[in-house]
Amino acid sequence: MKKTKLKQITRVLILLVIIPLFAFCNNSKQQKRSSNQFTITDSFEPDIDISLTATPAEIQLLEGEKTAVYTYTSELIKGDSSSLQQIPNSYLGPIIRVKPNQKIRIRYNNELPDESIIHWHGLHVPEEMDGHPRYVINNGEQFVYEFVVNNRPGTYWFHPHPHGITGYQVYKGLAGMFIIEDNQSNLPSDKYEVPLVIQDRRFDSSNQLVYLENNMMDMMVGFLGNEILINGKSNSSMEVDKATYRFRVLNGSNSRIYKLAWSDGVNLTVIGNDGGLLSKPTEKPYIILGPGERIDVWRDLSNINSGEQIALNSLAFNSGTSMGMMGSGGGMGGGMMRGRGNMQRDNNLSDSYIDNGDALTLYNFIVSDKQGEVVSLPTEFEPIEQFDLSESVNQDSPRQFNFHFERMQWLINGKTFEMNEVADWEKVKLNTTEVWEFINGGSGGGMMGNMMSMPHPVHIHGLQFQIIERDVSEVPTAVWNSMKDGFIDEGWQDTFLLLSGMRVKVALRFEDFTGIFLYHCHNLEHEDMGMMRNYEVIE
Ligand code: C2O
Ligand code: CU
């Protein structure tokens, strides 16, 4: 009798302890879930609902053996069928096409052997939707993105952002375009609107992707492939009609910079960049496109003879990469850098080294005899409102961000990336406009810092900014002269190239969302090595 009572009491006690414990566990799990938006919000009614899965795959990229890649497979759960455009026989993810103000849900499933998360490059979304590495999910887990499209129409993109392995995962194939459609009916559309994702890769003799090979120098300068892939495929050409085209160009390479130009010497007609259309088309002899950047190019091919080929090339330029004692183009150093191709096992072309700044043919457009749609180039687009700098809180004393090399690391103001760290000088106020100045190659690094110098493509998450000044007085003359006509400092941007010695001032406004966002070098090897920091928007 007494015994059973004791048993009962024990049971009750156990229940009393265990139930709350369970509830607590459950609760903390749920809290984690809701704060990480792992699950679907019932009250969110998406216009477009997509399932996107990152998974290893094998694709027929080259002749012979298949290539092991990572890819985003996708499925449209809800929405117009044009919202998801697959690219056959490519490792690239689908092109996601949305319209301004649409509500988007993306159910991201990670089937990779590594952790991962997706960043929507260029989009203005809440911090937990932005793909910060602290939100990574593991194999078998799901992360549900739900956000409203509130950017201008334009060419954006998405790619993984797990810390330390972003370069590897993007290289393996994880990337896709995210197009916000405009209602400009007077621009080439449908088959005359062609995405061009430019990437460089390196293959071994059994058609497998080669990455870094643990080569310290490759890490330092960033990965450079010796074969160009367009839209995740190895074809080097496409057939075009005699028509007017709109090319949405993304530099999706890990670290290669392109100096884009038409082979027939015709100027590039640029109609847009990172954040959408410019206020009017602008003509450039060539365009410098750093990793992560986009340009929208208009081209009339209607007057080209059938059978003729027009190539999109990358012209030679001086990237200004100097590795101090290890290779500044002279003496022992130059030998080490430049001679790398020769140091390879044999003279096989697939082992050749193509430096950043070496000339390349990217893609050939073969003009057919088919007469296609011809539309005239609009003389102007919507005006772009310039920031009023007198309203900025620090016009006369911009925040400064020095991208430099020190202690064998690429750093920002002497700091490397820490997952949750935000320094005092990285805190900004919601609803303010600021001026930020980015400096490349500055002090701080002492002798070594000055000797190791490279261009850095600077990317800021969460917003689009305006470039207000590019000070080139400290850029080596040979470097600047080889690139000076290729920059567009108009319109809205989220990524810009900061050459050695360059100082760039940008104006940015922090709106709508508080929280922690990243800014970093979009040379993905530099990013993975820690040339990345958080900034925080506070109330
Ligand atoms: Cu396209 Cu933080 O990156
Ligand atoms: Cu960099």
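The basis for the numbers below is simple: all heavy atoms, side chains too, and nothing from hydrogens, waters or symmetry mates.
In this structure, R105 forms no cation-pi arrangement with F44, as its terminal cationic atom is not both closer than 6.0 Å to the ring centre and no more than 45° off the ring axis.
The six-membered or imidazole ring of F365 lies away from that of Y245, with a centre-to-centre distance of 6.0 Å or more. Ring-centre distance between W157 and H522: below the 6.0 Å cut-off. With ring centers used as reference points, H526 lies 6.0 Å or more from H520. Ring to ring, W120 and Y145 are close: their centroids are under 6.0 angstrom apart. Between W410 and F417, the distance separating the two ring centers is not shorter than 6.0 angstrom.
Remark: D494 engages R294 in a salt bridge, criterion side-chain N to carboxylate O under 4.0 Å. Under the 4.0 Å criterion applied to side-chain N and carboxylate O atoms, K103 and E146 are not assigned as salt-bridge partners. Under the 4.0 Å criterion applied to side-chain N and carboxylate O atoms, E474 and R503 are not assigned as salt-bridge partners. The pair D47-K99 does not count as a salt bridge, with every side-chain nitrogen at least 4.0 angstrom from each carboxylate oxygen. For the pair E127 and R134, the salt-bridge criterion is met [side-chain N within less than 4.0 Å of a carboxylate O]. A salt bridge links R246 and D296; the closest N-O separation between the charged side-chain nitrogens and carboxylate oxygens is under 4.0 Å.
Judged by distance alone, the side chain of R533 and the main-chain N or O of T416 form a donor-acceptor pair under 3.5 Å. Not a single donor-acceptor pair under 3.5 Å links the side chain of D200 to the backbone N or O of L224. Judged purely by atom type and a 3.5 angstrom limit, N251 uses its side chain to pair as donor or acceptor with the backbone of R256. For the pair K259 (side chain) and S482 (backbone), a donor-acceptor distance under 3.5 Å is present. Using modelled atom types, no side-chain atom of N254 and backbone atom of L524 make a donor-acceptor pair closer than 3.5 Å. Using modelled atom types, no side-chain atom of E308 and backbone atom of V367 make a donor-acceptor pair closer than 3.5 Å. Side chain of N231 to backbone of P195: a donor-acceptor contact under 3.5 angstrom is found. Side-chain atoms of E525 come within 3.5 Å of backbone N or O of F223 as a donor-acceptor pair. In this structure, the side chain of D528 engages the main chain of T166 through a donor-acceptor pair within 3.5 Å. Distance alone, capped at 3.5 Å, places no donor-acceptor pair between the N413 side chain and the K415 backbone.
Atom CZ in F510 sits 11.0 Å away from atom CZ in F465 (nearest 0.5 Å).
In this structure, the side chains of Y535 and R399 stay at 4.5 Å or more apart for every pair of heavy atoms. Using a 4.5 Å cut-off on side-chain heavy atoms (C-beta onward), I412 and F403 make contact. Between N273 and W492, the closest side-chain pair of non-hydrogen atoms is not below 4.5 Å. No side-chain heavy atom of F401 sits under 4.5 Å from any side-chain heavy atom of V458. The closest side-chain heavy-atom distance from F143 to I118 is not below 4.5 Å. S83 places none of its side-chain heavy atoms less than 4.5 Å from the side chain of V98. Using a 4.5 Å heavy-atom cutoff, the side chains of L497 and F487 are in contact. In this structure the side chain of L187 never reaches within 4.5 angstrom of the side chain of E193, judged on heavy atoms.
In this structure, a donor-acceptor pair under 3.5 Å is present between the side chains of S74 and Q86. E490 and T282 are not linked by any side-chain donor-acceptor pair at a separation below 3.5 angstrom, with hydrogens and angles left out of the test. Side-chain N/O atoms of S392 and E434 include no donor and acceptor closer than 3.5 Å. Of the N and O atoms on the side chains of Q464 and D274, not one donor lies less than 3.5 Å from an acceptor on the other residue.
Residue Y519 forms a side-chain contact (heavy atoms from CB on, under 4.5 Å) with just one option from M532, M531, E426, and that option is E426. Looking at Y72, Y108, F178 one by one, the single match for ring-ring contact (aromatic ring centres under 6.0 Å, His included) with F158 turns out to be Y72. When L196, I96, T155 are each tested for a side-chain contact (heavy atoms from CB on, under 4.5 Å) with M177, only one passes: T155.
Nearest heavy-atom pair, P153 versus D182, reported as atom, atom and distance to 0.1 Å: CB-CB, 3.5 Å. The shortest heavy-atom contact between D130 and H119 is O-ND1, 2.8 Å. In terms of heavy atoms, I117 sits closest to P133 at CG2-CA, 4.3 Å.
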Cut-off 3.5 Å, no hydrogens considered: what does the side-chain donor-acceptor table look like for residues 371-384, sequence neighbours left out?
unit_1 : atom_1 : unit_2 : atom_2 : d
Q371   : NE2    : K242   : O      : 3.3

Intermediate values then yes/no, side chain to side chain contact (heavy atoms under 4.5 Å, CB included), S116 and Q169: CA-CA 9 Å; S116 197; Q169 290 190 357; 2.7 Å; yes
Determine, step by step, whether H161 and H132 satisfy the ring pair (Phe, Tyr, Trp, His ring centres under 6.0 Å) criterion, reporting the C-alpha distance in whole Å, the side-chain angles of both residues, the deciding distance to 0.1 Å, and the verdict. CA-CA 7 Å; H161 222 300; H132 189 283; 7.8 Å; no
